[in-house]
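As the structure is a computational prediction, the values presented were derived from the model and not from experiment.
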Amino acid sequence: MYTAHPDRYADMPYRRTGRSGLKLPALSLGLWHNFGPDRPVETQRAILRRAFDLGVTHFDLANNYGPPPGSAESALGEALKADFAPYRDELVISTKAGYLMWPGPYGEWGSRKYVLSSLDQSLNRMGLDYVDVFYSHRPDPETPLEETMGALHTAVQQGKALYVGVSNYSPEQTREAARILAELGTPLLIHQPRYSMLDRRPESSGLLDTLDELQVGSIAYSPLEQGLLTGRYLDGIPEDSRAASDSPFLNSDALTGELVGKLRDLNEIARSRGQSLAQMALAWVLREGRVTSALVGASSPRQLEDSLSAIGNLAFGADELARIDKIVAR
C-alpha cells in the first residue's frame with residue numbers, strides 16, 4: 001500500500017496560474033509517451049509515486065496519449081485506483097480533446113459533439129468524476145470558436161471540469177477564446193504552448209505577452225525539445241534514442257553538425273552552473289516567472305529525479321542569458 005512521503009511539499013515551488021486561485025508545481029509530469037502497454041506497469045506506477053513524493057501534484061494527459069490513444073489515461077486510472085485514491089484532492093489532473101480518437105466525422109477537432117463525448121470517454125478511462133483542467137488541444141479551422149469554447153463551458157457547468165484551457169492556439173485565437181469564455185462566465189485558466197530554448201515561438205509570436213495581458217497562466221510542453229536538450233546527443237545518436245527510432249517527432253536528420261555544436265556549447269554553460277543540460281533547459285523556460293509550469297516526461301524514476309533537480313537553480317545572470325541567446329541564434 002503506497003503512502004505518500006510526509007515532506008512532499010518541502011522543496012517544490014508552486015506558482016499561481018494567471019489570476020486564478022490555482023497553483024501548479026514549477027515542474028509537472030506529462031504522460032505523453034511513457035504510459036502505454038509497451039511500458040512495464042510497475043515502472044509507470046513508480047514514476048507517478050516518485051513524482052508525487054517530490055511535490056509534483058499535476059499530471060497532464062490528453063485523450064490521444066499513449067500509444068495507443070487512450071492508454072495513458074487508462075494507465076493513470078489504474079494508478080489512481082491502486083495508489084492515489086486517498087490523495088485525489090491533492091492532485092491536479094488535466095486532459096485534452098482535439099486530435100483523432102475514433103473514425104468518422106465526430107472523432108476529432110472541436111465540435112461540441114466531439115469535445116464533450118471525448119471528455120466522457122476520458123473520465124471513464126481514468127475512473128474520475130471530473131478533471132481539474134480540460135483543454136481544447138488545437139483550434140479547429142472549420143468549427144466556430146464559440147462552439148468549441150461553449151463545449152468547454154458546458155463541461156464546467158456539468159461539473160466534469162473545474163477549469164478550462166487551450167493548447168496550440170495563436171495569440172489572436174487565444175485572445176478571442178478568452179473573450180468568449182469570459183462572456184460565458186468560465187475564465188480561460190491556462191494555455192499550453194510548445195516552448196524551449198530552441199523553439200521560441202511563444203516569444204516571437206507575442207503569445208507570452210498576450211497571456212501576461214490577459215492574466216492567463218501557461219504550461220510549456222517539450223521544454224527539452226523532444227530530447228535534444230537532454231544531453232543524449234552531444235556525442236552522436238545513441239541506438240536506443242528517439243532520434244534513432246522511427247519517431248515522427250525527432251529523427252536523425254535533425255541532428256546536424258551545426259545543431260550538435262550548439263548543444264555542446266549550451267552544455268558548457270550548464271556545467272558552469274552545476275547543472276545538466278536538461279536541468280538548465282527546464283530552468284530557462286521557468287526563468288522569468290512568465291511560465292507557470294513546465295512539463296517533463298520520464299521513462300524511469302531516476303530520470304524524473306534528474307529533471308526535478310532543476311528547481312535547485314532557477315536563476316540566471318544577464319551574461320548567461322546573453323550567451324545562451326547568442327548560441328541559439330547563430
query: Can you get from I93 to F35 by hopping between Ile, Leu, Val, Met, Phe, Trp and Tyr side chains that sit under 4.5 Å apart?
result: yes

message: Quick one about R112 and T154 (side-chain donor to acceptor, distance below 3.5 Å, no hydrogens or angles considered), yes or no?
response: yes

- prompt: Do S293 and H58 have a side chain donor and acceptor closer than 3.5 Å?
  reply: no

message: Can you confirm whether more than 12 heavy atoms, excluding those of R19, are under 6.0 Å from its CZ atom?
response: no

message: Set out, in order, the CA-CA distance, both residues' side-chain angles and the distance that settles side chain to side chain contact (heavy atoms under 4.5 Å, CB included) for L228 and Y233, then state yes or no.
response: CA-CA 7 Å; L228 287 176; Y233 301 103; 4.2 Å; yes

- prompt: Is there a chain of hydrophobic side chains (I, L, V, M, F, W, Y, each step under 4.5 Å between heavy atoms) that links L29 to V285?
  reply: yes

task: Take V296 and S28 through the side chain to side chain contact (heavy atoms under 4.5 Å, CB included) test and state the conclusion after the steps.
output: CA-CA 6 Å; V296 297; S28 299; over 6 Å; no

task: Determine whether L277 and T230 make a side-chain contact, defined as any pair of heavy atoms from C-beta on separated by less than 4.5 Å.
output: no

query: For K160 and D129, what are the C-alpha separation, side-chain angles and deciding distance, and is it a salt bridge (Lys or Arg N to Asp or Glu O under 4.0 Å)?
result: CA-CA 6 Å; K160 296 177 181 179; D129 296 324; over 6 Å; no

query: What are the two closest heavy atoms between H153 and T186, and how far apart are they?
result: ND1-OG1, 2.6 Å

- prompt: Where do Y135 and S94 come nearest, in terms of heavy atoms and distance?
  reply: CE1-CB, 3.9 Å

field: Pairing residues for E142 by the side chain to side chain contact (heavy atoms under 4.5 Å, CB included) criterion, not counting sequence neighbours
entry: D140

- prompt: Do L162 and L123 share a hydrophobic cluster (ILVMFWY, side-chain heavy atoms under 4.5 Å, transitive)?
  reply: no

task: Using a strict 4.0 Å threshold on nitrogen-to-oxygen distance, state whether R232 and E225 make a salt bridge.
output: no

Going by atom type alone, with no hydrogens or angles, which donor-acceptor pairs under 3.5 Å involve a side-chain atom of residues 61-69 and a protein atom two or more places apart or on another chain?
residue, atom, partner, partner atom, Å
N63, ND2, Y114, OH, 2.8
N63, ND2, S118, OG, 2.8
Y65, OH, K96, NZ, 3.3

query: If we only count heavy atoms from C-beta on, is the L76 to L31 side-chain gap below 4.5 Å?
result: yes

- request: Taking only Lys NZ, Arg NE, NH1 and NH2, and the carboxylate oxygens of Asp or Glu, determine whether E268 and R271 approach each other closer than 4.0 Å.
  value: yes

ILVMFWY network linking L286 to I324, side-chain heavy atoms under 4.5 angstrom: yes

- prompt: With a 3.5 Å cut-off and no angle check, do the side chains of T143 and E147 form a donor-acceptor pair?
  reply: no

Minimum-distance pair of heavy atoms, taken over all atoms of P25 and M12: CB-CG, 3.7 Å

task: Mind checking the CG-OG1 spacing from D60 to T95? Nearest 0.5 Å is all I need.
output: 8.0 Å

Stepwise side chain to side chain contact (heavy atoms under 4.5 Å, CB included) test for S122 and M126: CA-CA 6 Å; S122 292; M126 291 186 284; 4.2 Å; yes

field: Exceeds 12 heavy-atom contacts within 6.0 angstrom, atom OH of Y106
entry: no

Using atom types as modelled, flag every donor-acceptor pair under 3.5 Å from a side chain in residues 211-221 to any protein atom, sequence neighbours excluded.
residue, atom, partner, partner atom, Å
D212, OD2, R290, NE, 2.8
D212, OD2, R290, NH2, 2.8
E213, OE1, R175, NH2, 3.2
E213, OE2, R175, NH1, 3.0
S218, OG, R290, O, 3.2
Y221, OH, N168, OD1, 2.7

query: Could you state the interatomic distance from CG (D132) to CZ (F59), rounded to the nearest 0.5 Å?
result: 11.5 Å

message: Could you check whether D265 pairs with R330 (Lys NZ or Arg NE/NH1/NH2 to Asp/Glu carboxylate O, under 4.0 Å)?
response: yes

query: Say you draw a straight line from CD of E288 to CG of L314; how long is it, rounded to the nearest 0.5 Å?
result: 12.5 Å

field: ring-ring contact (aromatic ring centres under 6.0 Å, His included) against Y169, all qualifying residues, sequence neighbours excluded
entry: none

query: How many angstroms lie between CG in N267 and CD in Q275, if you round to the nearest 0.5 Å?
result: 11.0 Å

query: Hey, is CZ on R302 packed in by over 12 heavy atoms from elsewhere, all under 6.0 Å?
result: no

message: To check you understand the geometry: which heavy-atom pair defines the closest contact between G110 and T148, and what is its length?
response: O-OG1, 2.7 Å

task: Step by step, work out the side-chain hydrogen bond (donor to acceptor under 3.5 Å, both in side chains) result for N124 and E73.
output: CA-CA 9 Å; N124 184 61; E73 290 179 330; over 6 Å; no

message: Taking the basic N atoms (NZ, or NE/NH1/NH2) and the acidic carboxylate oxygens, is any pair closer than 4.0 Å for R8 and D53?
response: no

- request: Spell out, as yes or no, whether a donor-acceptor pair under 3.5 Å connects the side chain of R15 to the backbone of V291.
  value: yes

- prompt: Is R49 positioned over the aromatic face of F84, cation under 6.0 angstrom from the ring centre and no more than 45 degrees off axis?
  reply: no

Euclidean distance, N34 CG relative to S299 OG, rounded to 0.5 Å: 5.5 Å

task: Using only heavy-atom distances, determine whether the side chains of S307 and Q279 contain a donor-acceptor pair under 3.5 Å.
output: no

query: Considering all heavy atoms of both residues, which atom of S136 and which atom of M149 are nearest to each other, and what is their separation?
result: CB-CE, 4.2 Å

- prompt: Can you tell me how far OG of S117 sits from CG of L119, rounded to the nearest 0.5 angstrom?
  reply: 9.5 Å

- prompt: Taking all atoms of both residues into account, what is the closest heavy-atom pair of P187 and V164, and its distance?
  reply: O-CG2, 3.7 Å

- request: Any chance you could lay out the side-chain hydrogen bond (donor to acceptor under 3.5 Å, both in side chains) test for T57 and E90, step after step, and finish with the verdict?
  value: CA-CA 7 Å; T57 54; E90 297 183 48; over 6 Å; no

task: Just jot down the ring-ring contact (aromatic ring centres under 6.0 Å, His included) partners of Y195, sequence neighbours excluded, or say none.
output: W284

- request: Before accepting this row, confirm whether a basic side-chain N of the pair R45/E78 lies closer than 4.0 Å to the acidic partner's carboxylate O.
  value: no

message: Please check this pair: side chain of R88 against backbone of L91, looking for a donor-acceptor N/O pair closer than 3.5 Å.
response: yes

message: Using the rule given for side chain to side chain contact (heavy atoms under 4.5 Å, CB included), can you reason through V133 versus T17, listing the C-alpha separation, both sets of side-chain angles and the distance that settles it, and then say yes or no?
response: CA-CA 12 Å; V133 187; T17 312; over 6 Å; no

Which residues share a ring-ring contact (aromatic ring centres under 6.0 Å, His included) with H137, sequence neighbours left out: Y99

- request: State, with a plain yes or no, whether a side-chain heavy atom of D235 is found less than 4.5 Å away from one of R264.
  value: yes

task: Compare all side-chain heavy atoms of F134 with those of Y163 and state whether any distance is below 4.5 angstrom.
output: no

